[in-house]
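Index from 1, following the sequence.
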Amino acid sequence: MAALSAWFWNERFWLPQNVTWADLADTESGEQYPQAGHILSALPVALGIFAVRLLFERFIAKPCALRVGIQSSGPRRAQPNAILEKVFVSITKCPDGKRLEGLSKQLDWDARKIQRWFRHRRNQDKPSTLTKFCESMWRFTFYLYIFSYGIRFLWSTPWFWDTRQCWYNYPYQPLTSGVYYYYIKELAFYWSLMFSQFTDIKRKDFLIMFIHHLATVGLISFSYVNNMVRVGTLVMCLHDASDFLLEAAKLTNYAKFQRLCDSFFMFFALVFVTTRLIIFPLWILNTTMFESWELIGPYPSWWLFNGLLLVLQILHIIWSYLILHIAYKALIRGKVLKDDRSDVESSSEEEDTALNGTKAIHNNGANRVNGHTTSTSQWAEE
């Protein structure tokens with residue numbers, strides 16, 4: 001283990017030339033530098049945030065949802081049937097025409113009744129609109145808070161106005177309490193999102209979102225350990241700028257405030273594209289790749305850090321394309337797009353397709369979101 005630890009924390013990888021971990025130890029004068037052990041303090045904070053979320057959703061978000069008319073009842077549950085339940089769990093959740101015919105003979109049920117049972121069974125595993133509203137309201141509240149906190153904190157820092165300040169005297173930049181608390185809050189929140197994925201109702205984007213949260217935790221931790229916290233705070237604040245707008249769009253969608261939802265989504269798309277495709281490369285990548293090269297020069301973890309940021313920029317381009325595609329269709333059709341991860345399915349066209357021997361299709365053109373007919377486009381979510 002000692003050999004593995006020495007290999008992992010190799011100074012020649014993590015730090016610029018002629019700098020050692022001993023140089024970044026806490027000094028007698030009281031100066032502190034980021035330490036890997038600080039990251040562990042985010043775990044109990046994450047549990048606290050998760051507990052606050054449960055209280056917030058129950059005592060604040062739920063009454064707000066009921067106030068705007070969102071029903072507390074979930075989707076209609078399928079009647080108990082051991083044979084169909086076994087097929088649903090072990091074989092398929094969307095039986096084709098041939099299997100429907102076999103089940104119809106076995107149960108002496110009409111094929112349409114069996115298809116309706118499978119639709120109800122799929123829907124009962126999905127969160128209700130009330131659950132999704134509460135989740136989005138929690139995320140909206142935290143994203144708005146952490147973005148406001150980040151702007152307020154960075155406004156008084158020199159590197160917010162001059163990014164070259166991120167690299168002057170690097171890595172001998174003492175850790176301030178403002179930077180420390182900003183990092184711990186961001187890190188703890190994403191840890192709490194990872195925890196909650198295992199307690200929430202499973203959605204079909206579970207793995208994608210888990211990888212996203214894990215990558216976010218990794219990037220935040222990486223920048224903290226090698227004391228790139230100044231530029232790290234800029235990256236975090238920039239990415240928080242649009243998140244609360246997306247959650248606001250979801251909230252108004254669930255509450256059936258259609259025009260307000262469309263306005264929020266268009267504003268979200270504008271902010272997202274501006275921050276990720278213009279400000280991020282011109283402000284963040286410029287300082288991490290060019291200004292830092294000039295002031296401190298490259299070293300192994302510098303290459304990795306910039307490589308990860310370039311991968312992030314590629315993802316920004318992909319996400320921006322998807323968001324603009326959705327926004328364009330919303331403008332053309334005049335309808336908001338749907339969160340396809342968990343909305344309840346509708347009936348007729350799916351049943352007819354299955355009865356004709358074709359595999360049932362989820363969320364077809366007859367789908368509705370909170371009473372609003374939609375296209376087959378989907379919400380674009382990070």
Using side-chain contact (heavy atoms from CB on, under 4.5 Å), reason through M228 and Y170 one step at a time and then give a plain yes or no. CA-CA 8 Å; M228 290 185 176; Y170 176 86; 3.6 Å; yes
Greater than 12 external heavy atoms within 6.0 Å of R12's CZ: yes
Less than 4.5 Å apart, side chain to side chain, heavy atoms only: is that true for F305 and V231? yes
Whether the side chain of D262 engages the backbone of R259 through a donor-acceptor N/O pair (distance < 3.5 Å, no angle test) should be reported. no
Ring center gap for F206 and F198 short of 6.0 angstrom: yes
Does NZ or CZ of K185 lie under 6.0 Å from the centre of the six-membered ring of Y149, at an angle within 45° of the ring axis? yes
Would you say that L47 contacts W191 through its side chain, given a criterion of any heavy-atom pair below 4.5 Å between the two side chains? no
Rounded distance (nearest 0.5 Å) linking atom OG1 of T141 with atom CD1 of I146: 13.0 Å
W14 vs F222, test: ring pair (Phe, Tyr, Trp, His ring centres under 6.0 Å). Steps then yes/no. CA-CA 10 Å; W14 289 96; F222 180 83; 5.3 Å; yes
With a 3.5 Å cut-off and no angle check, do the side chains of Y180 and S41 form a donor-acceptor pair? yes
Determine, step by step, whether F160 and C237 satisfy the side-chain contact (heavy atoms from CB on, under 4.5 Å) criterion, reporting the C-alpha distance in whole Å, the side-chain angles of both residues, the deciding distance to 0.1 Å, and the verdict. CA-CA 11 Å; F160 184 73; C237 186; 5.6 Å; no
Are side-chain heavy atoms of C166 and S292 found at a separation under 4.5 Å? no
Is the closest side-chain heavy-atom distance between Y172 and Y33 below 4.5 Å? yes
Do other residues, nucleotides or ligands put more than 12 heavy atoms under 6.0 Å from the OH atom of Y328? no
Just wondering, do Q115 and L100 contact through their side chains at under 4.5 Å, heavy atoms? yes
In this structure, which one of L245, D243, I323, L324 forms a side chain to side chain contact (heavy atoms under 4.5 Å, CB included) with F272? I323
Indicate whether the side chain of W159 and that of T287 have a donor and an acceptor atom separated by less than 3.5 Å. no
Under 3.5 Å: donor-acceptor pair, side chain of T274, backbone of L270: yes
Is the distance between the ring centroids of W293 and W302 under 6.0 Å? yes
With a 4.5 Å limit on heavy-atom distance, are the side chains of L24 and L15 in contact? yes
For P44 against L40, the heavy-atom pair lying closest together: CD-O, 3.3 Å
Taking the six-membered ring for Trp and the single ring otherwise, decide whether the centroids of Y299 and F13 are under 6.0 Å apart. no
Could you check whether atom CD of E11 has more than 12 heavy atoms from other residues, nucleotides or ligands sitting under 6.0 Å from it? yes
F50, CZ atom: more than 12 neighbouring heavy atoms under 6.0 Å: yes
Transitive ILVMFWY side-chain link L66 to F59, under 4.5 Å: no
Quick one: does any side-chain atom of T252 pair with a main-chain N or O of A249 as donor and acceptor, under 3.5 Å? yes
State, to 0.1 Å, how close A46 and A188 come at their nearest heavy-atom pair, and which atoms those are. CB-O, 3.2 Å
So, R276 versus S320: side-chain donor-acceptor pair below 3.5 Å or not? no
Answer yes if I326 and I317 sit in the same cluster of Ile, Leu, Val, Met, Phe, Trp and Tyr residues linked by side chain heavy atoms under 4.5 Å apart, and no otherwise. no
Is the backbone of P171 close enough, under 3.5 Å, to the side chain of N227 for a donor and an acceptor to pair up by distance? yes
Rounded to the nearest 0.5 Å, what separation is found between the CD atom of E57 and the SG atom of C64? 12.0 Å
Please answer whether the main-chain N or O of Y321 pairs with a side-chain N or O of H325 as donor and acceptor at a distance below 3.5 Å. no
Where the side chain of S196 meets the backbone of L193, is there a donor-acceptor pair that is under 3.5 Å apart? yes
Looking at P281 and Q313, what are the two nearest heavy atoms and their distance? CD-OE1, 3.9 Å
Quick check: closest heavy atoms across R122 and C94, and the distance to 0.1 Å? NH1-SG, 3.7 Å
Distance (rounded to the nearest 0.5 Å) between D26 CG and Q35 CD: 5.5 Å
Measure from the ring center of Y183 to the ring center of Y224 and say whether it is less than 6.0 Å. yes
Under a 3.5 Å threshold, yes or no: a donor from one side chain and an acceptor from the other, between T129 and Q71? no
Without swapping roles, check the side chain of Q173 against the backbone of Y168 for a donor-acceptor pair under 3.5 Å. yes
Do any N or O atoms from the side chain of N306 and from the backbone of T288 form a donor-acceptor pair under 3.5 angstrom? yes
Is any side-chain heavy atom of F244 closer than 4.5 Å to one of F142? no
Using the rule given for side-chain contact (heavy atoms from CB on, under 4.5 Å), can you reason through T157 versus V179, listing the C-alpha separation, both sets of side-chain angles and the distance that settles it, and then say yes or no? CA-CA 10 Å; T157 62; V179 170; over 6 Å; no
So how far is it from D108 CG to K113 NZ, rounded to the nearest 0.5 Å? 9.5 Å
A255 and V68 have their tightest heavy-atom pair at CB-CG2, 4.0 Å
Parallel under 30°, tilted from 30 to 60°, perpendicular over 60°: which one fits the rings of H213 and Y190? tilted
Full working for ring pair (Phe, Tyr, Trp, His ring centres under 6.0 Å) between F189 and Y143: CA-CA 10 Å; F189 177 68; Y143 286 142; 5.4 Å; yes
Is it possible for you to say whether M194 and I211 belong to one hydrophobic cluster, with membership spreading through side-chain heavy-atom contacts below 4.5 Å? no
With no hydrogens and no angle check, is any side-chain donor or acceptor of S104 less than 3.5 Å from a backbone partner on W109? yes
To the nearest 0.5 Å, what is the distance between CZ (R99) and OG1 (T92)? 7.0 Å
Where W9 and A36 come nearest, the two heavy atoms and their spacing: CH2-CB, 3.6 Å
Tell me whether M289 shares a hydrophobic cluster with L282, the cluster being built from Ile, Leu, Val, Met, Phe, Trp, Tyr side chains joined at under 4.5 Å. no
Should H239 and H316 be marked as a side-chain contact (heavy atoms from CB on, under 4.5 Å) after you check the CA-CA gap, both sets of side-chain angles, and the distance that decides it? CA-CA 10 Å; H239 281 77; H316 290 166; 3.0 Å; yes
dist R139:CZ -> R53:CZ (nearest 0.5 Å) comes out at 7.0 Å
Can you get from L54 to L130 by hopping between Ile, Leu, Val, Met, Phe, Trp and Tyr side chains that sit under 4.5 Å apart? no
May I ask you to check whether over 12 heavy atoms, not counting those of W155, lie within 6.0 Å of atom CH2? no
Would you say the side-chain atoms of S5 pair up with the backbone N or O of M1, donor to acceptor, closer than 3.5 Å? no
With a 4.5 Å cut-off on side-chain heavy atoms, are E85 and W117 touching? yes
